[in-house]
Amino acid sequence: AQTVTQSQPEMSVQEAETVTLSCTYDTSESDYYLFWYKQPPSRQMILVIRQEAYKQQNATENRFSVNFQKAAKSFSLKISDSQLGDAAMYFCALKTSYDKVIFGPGTSLSVIP
Amino acid sequence: DAGVTQSPTHLIKTRGQQVTLRCSPKSGHDTVSWYQQALGQGPQFIFQYYEEEERQRGNFPDRFSGHQFPNYSSELNVNALLLGDSALYLCASSYSDRANTEAFFGQGTRLTVV
């Protein structure tokens with residue numbers, strides 16, 4: 001079975017500071033993909049960043065970057081220079097091949113002005 | 001490109017009734033997945049449709065059924081509604097032949113069962 005765990009139900013960060021959201025996962029597959037999705041109050045699930053398991057280099061998208069530790073099955077998200085618009089629920093997600101996406105329980109991020 | 005569209009946005013039903021939710025995938029996408037997201041939780045996979053057939057199914061009862069049409073749009077049907085079916089229902093579309101692409105989500109249908 002595939003699982004995704006997010007151990008931080010809530011996090012807060014001061015505007016312009018850096019915050020790291022944690023995620024661990026479990027899968028027996030060797031080929032899989034990891035995602036971080038953002039869900040603001042508008043409910044729209046928005047892709048923040050993705051990582052292919054076969055790539056050793058950590059993915060980066062502007063202020064967002066990941067720390068992918070394949071052996072430890074860890075996939076954390078770092079948000080730099082946090083902005084008020086970053087406040088949302090963040091979901092870590094795992095997808096193997098053509099399989100369904102498995103989501104973690106989410107982390108609620110607050111940004112303090 | 002309109003992205004993934006879902007209708008209706010909100011719905012209130014009475015316990016025991018039946019409901020149908022609709023989803024139009026992003027242009028070019030041929031696979032549609034449905035998720036149930038209870039308040040404060042992550043989305044839970046219900047099922048996935050490809051080529052008008054259910055390809056995968058999560059741990060949901062047979063009261064949950066679906067359909068995919070030739071134009072790739074999809075419906076989710078829930079029979080004999082229970083109070084516990086109250087949730088946000090998300091539809092996601094993707095390409096079948098690109099395993100590494102992310103799913104694109106609609107804004108969801110908020111179902112309230114009273």
Side-chain angles (χ1 to χ4, degrees), chain A residues 1-10 21 23-25 27 29-55 59 61 64 66 68 75 88-109, chain B residues 2-11 21 23 26 29-51 53-60 66 87-111:
Chain A
Q2 293 159 155
T3 60
V4 177
T5 303
Q6 294 177 251
S7 60
Q8 306 153 316
E10 299 179 351
L21 307 184
C23 171
T24 57
Y25 63 93
T27 179
E29 301 289 332
S30 59
D31 186 21
Y32 55 90
Y33 310 90
L34 294 161
F35 307 95
W36 277 98
Y37 280 92
K38 168 186 177 182
Q39 187 178 42
S42 67
R43 308 179 329 202
Q44 182 79 51
M45 196 75 77
I46 302 165
L47 179 70
V48 174
I49 198 166
R50 72 178 182 190
Q51 174 82 42
E52 286 90 344
Y54 62 86
K55 291 186 177 179
E61 288 287 341
F64 300 87
V66 298
F68 174 46
F75 183 61
M89 283 292 292
Y90 285 81
F91 293 97
C92 179
L94 165 70
K95 180 175 181 285
T96 58
S97 187
Y98 299 99
D99 208 343
K100 57 187 177 292
V101 180
I102 304 297
F103 288 87
T107 295
S108 177
L109 178 66
Chain B
V4 180
T5 59
Q6 291 186 244
S7 64
T9 55
H10 295 85
L11 201 54
L21 311 182
C23 172
K26 182 178 170 63
H29 285 184
D30 58 6
T31 300
V32 173
S33 301
W34 287 92
Y35 293 83
Q36 180 194 66
Q37 186 178 19
L39 195 62
Q41 298 182 22
Q44 299 293 315
F45 175 77
I46 302 174
F47 42 53
Q48 184 182 82
Y49 276 84
Y50 169 67
E51 291 190 340
E53 291 191 0
E54 184 182 290
R55 182 161 69 175
Q56 295 185 67
R57 189 178 183 90
N59 189 25
F60 278 81
L88 179 67
Y89 288 84
L90 295 168
C91 169
S93 71
S94 57
Y95 293 108
S96 61
D97 61 348
R98 300 185 190 180
N100 64 340
T101 60
E102 71 275 14
F104 286 78
F105 285 81
Q107 285 196 300
T109 295
R110 172 73 66 189
L111 173 65

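Below, all heavy atoms of this structure are taken into account, side chains as well, without hydrogens, waters or symmetry copies. Below, chain A is the first sequence line, B the second, and so on; all start at residue 1.
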Point to revise | Contact origin within B:Tyr35 toward chain A - heavy atom pairs under 4.5 Å | key: side chain

Review point. Within the side chain of A:Gln39, is there an N or O that forms a donor-acceptor pair under 3.5 Å with the backbone of A:Ala88?
Key: no

Exercise for review: Sort B:Gln44 into side chain, backbone, both or neither according to what part of it lies under 4.5 angstrom from a heavy atom of chain A.
Suggested key: neither

Review point. Relative to chain A, which of B:Ala92, B:Gly106, B:Ser33 shows the most heavy atom pairs under 4.5 Å?
Key: B:Gly106

Check your understanding: Does any heavy atom of chain A fall under 4.5 Å from the side chain of B:Gln107, the backbone, both, or neither of them?
Key -> both

Check your understanding: Would you say A:Trp36 and A:Cys23 make side-chain contact, with heavy atoms under 4.5 Å?
Key -> yes

Review point. Got a sec, which residues hit side chain to side chain contact (heavy atoms under 4.5 Å, CB included) with B:Glu51, two or more places apart in sequence or on another chain?
Key: none

Exercise for review: Under the side chain to side chain contact (heavy atoms under 4.5 Å, CB included) rule, collect the residues that match up with B:Ile46, sequence neighbours excluded.
Suggested key: B:Trp34, B:Gln36, B:Phe60, B:Phe64, B:Leu76, B:Tyr89

